[in-house]
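Right, one structure below, let's go through it.
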Amino acid sequence: MPPLLLNPSVLLSPADDGYHAYDIHKQRLFRLNPTAALLVELCDGQRGQSELLDKVGPLLPESALPGCAEWLKQAVADQLLLESLPGSPSPPTAEELQQMARDLRRRDQVLAAFICQQRATELAPDDPNQWYALGEIAHIVGRRELARIGYERYQRAHPDDIEIEHLLIALRDEAPPSRASDAYIQQLYSYFAAFYEKNMCDDLEYRAPQLLLAAIDSALADDSRRGPLNVLELGCGTGLFGQLIRPMAERLCGIDLSADMIARARDRKLYDRLETAELTAWLASPPAETFDLVAICDTLIYFGDLRQVIPPAARILAAGGLLAFTVEVGAAEPFRLTDSGRFAHHQRHVLAVAREAGLAVISQTEETLRYEYGQPVQGWVTVLRDDNVAMHANS
């Protein structure tokens, strides 16, 4: 039988259980188990099927050989393996492979995108942008160590990139900061603001604002004393939550660190007052007024210890006022910085900080806040009440 060789249009990427292979011309992805991976490695154009089976035979149970023969036959039919090298155009360049990776990622074919980007980086190891792209897609497919390497190689050429510096803290398993830096958040949302809503709502199925509103509405349902609310939103962003709470608000104030996000919130004409400010600094100089509701939707993900925000926010609540927020669910106590650059909080930390702030838990549910790379992001949707209301009721 003619010797077999790997189709030159097929890119290989080692996996924990063999290989992933992607045919860039047929746009077809193959998953190769360890035996198939070994057979492919031996297909160097020097051995036919019988020689290949003789080579792997001593390594396998005799009963496995018919299956190997059938797999080789199918691999030739699929053109994963070839019996002769066809005349073909020049192999793709690093730039062409990177563009393939971008196109595949847009179509949610992230594993194929990773394989193309991995080869692009191999072809252009001195290009920091190739390493950045590899770090990003490696993170998406769960290749954590390769993500770290990719970002580190990029950072050598761009040491002032604050976002990459922040992500590497988690990827290196270093001690996390107490919170994400102002510079990191400003850089992130300066880039993100222009397409934030489309990305979050359309691509990531973002539900945190609706979930938080429902929790607040439920907490207020049995409170006959509640009229229109004086509402403060910490981390208001572009106003996704603000537009939902506005019908319940007599007055609505929004605070956010990103001037770009505040500008888009201002365009909605929802808020009576908007300020560009860092939350802990703003809370350290509290306003003269108090608020019936302080809402914090997907902002505490940039803080580690929630004592930085929850107790000072509680101090500006009116008697019986509500503090409602979302955080991402964390398994490690009290919190950890995840590879996404966001903090995840253990439930016990959330409840302990609430208790220390003198707040009673009205409700806390675990919900899917959104999706990331096709996987649900779980969060605690929590509503707390100023405990003074209980003291007034008992006096």
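Quick note: numbers below take in every heavy atom, side chains included, and nothing from hydrogens, waters or symmetry partners.
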>> Measuring centre to centre across the rings, with the benzene-like ring taken for any Trp, is Tyr189 within less than 6.0 Å of Phe192?
In response: yes

Examine [X] and [Y] and state if one hydrophobic cluster contains both, with Ile, Leu, Val, Met, Phe, Trp and Tyr joined whenever side-chain heavy atoms are less than 4.5 Å apart.
X      : Y      : result
Ile296 : Ile216 : no
Val10  : Phe114 : no
Trp282 : Tyr271 : no
Leu244 : Leu322 : yes

>> Is there a side-chain hydrogen bond (donor to acceptor under 3.5 Å, both in side chains) between Gln187 and Asp161? Walk through the geometry before answering.
In response: CA-CA 9 Å; Gln187 178 179 312; Asp161 192 317; 3.0 Å; yes

> Taking 4.0 angstrom as the limit, do Asp173 and Arg144 come out as a salt bridge?
Replying inline: yes

>> Check Arg153 with Asp127, please: is the shortest side-chain N to carboxylate O separation under 4.0 Å?
In response: no

>> I need the single residue from Phe343, Phe335, Phe303 that forms a ring pair (Phe, Tyr, Trp, His ring centres under 6.0 Å) with His349. Which is it?
In response: Phe335

Calculate, to the nearest 0.5 Å, the distance between atoms [atom1] and [atom2] belonging to [X] and [Y] respectively.
X      : Y      : atom1 : atom2 : result
Tyr22  : Leu29  : OH    : CG    : 8.0 Å
Arg251 : Leu229 : CZ    : CG    : 13.5 Å
Ser258 : Ile185 : OG    : CD1   : 9.5 Å
Tyr19  : Ser13  : OH    : OG    : 9.0 Å
Leu39  : Arg47  : CG    : CZ    : 10.5 Å
Leu212 : Asp217 : CG    : CG    : 11.0 Å

>> Arg264 vs Asp267, test: salt bridge (charged side-chain N to carboxylate O under 4.0 Å, His left out). Steps then yes/no.
In response: CA-CA 5 Å; Arg264 283 163 174 77; Asp267 289 342; over 6 Å; no

> Where do Gln308 and Arg179 land on the side-chain hydrogen bond (donor to acceptor under 3.5 Å, both in side chains) test, with the steps shown first?
Replying inline: CA-CA 9 Å; Gln308 298 171 89; Arg179 50 153 298 186; 5.3 Å; no

> Does the salt bridge (charged side-chain N to carboxylate O under 4.0 Å, His left out) test come out yes or no for Arg207 and Asp298, once each step is laid out?
Replying inline: CA-CA 10 Å; Arg207 302 172 59 235; Asp298 258 19; over 6 Å; no

> So with a 6.0 Å cut-off around CD of Glu174, is the heavy-atom count from everything else above 12?
Replying inline: yes

>> Looking at Tyr191, I want to see if its OH is surrounded by more than 12 non-hydrogen atoms of other residues, nucleotides or ligands under 6.0 Å.
In response: no

> With no hydrogens and no angle check, is any side-chain donor or acceptor of Thr121 less than 3.5 Å from a backbone partner on Gln117?
Replying inline: yes

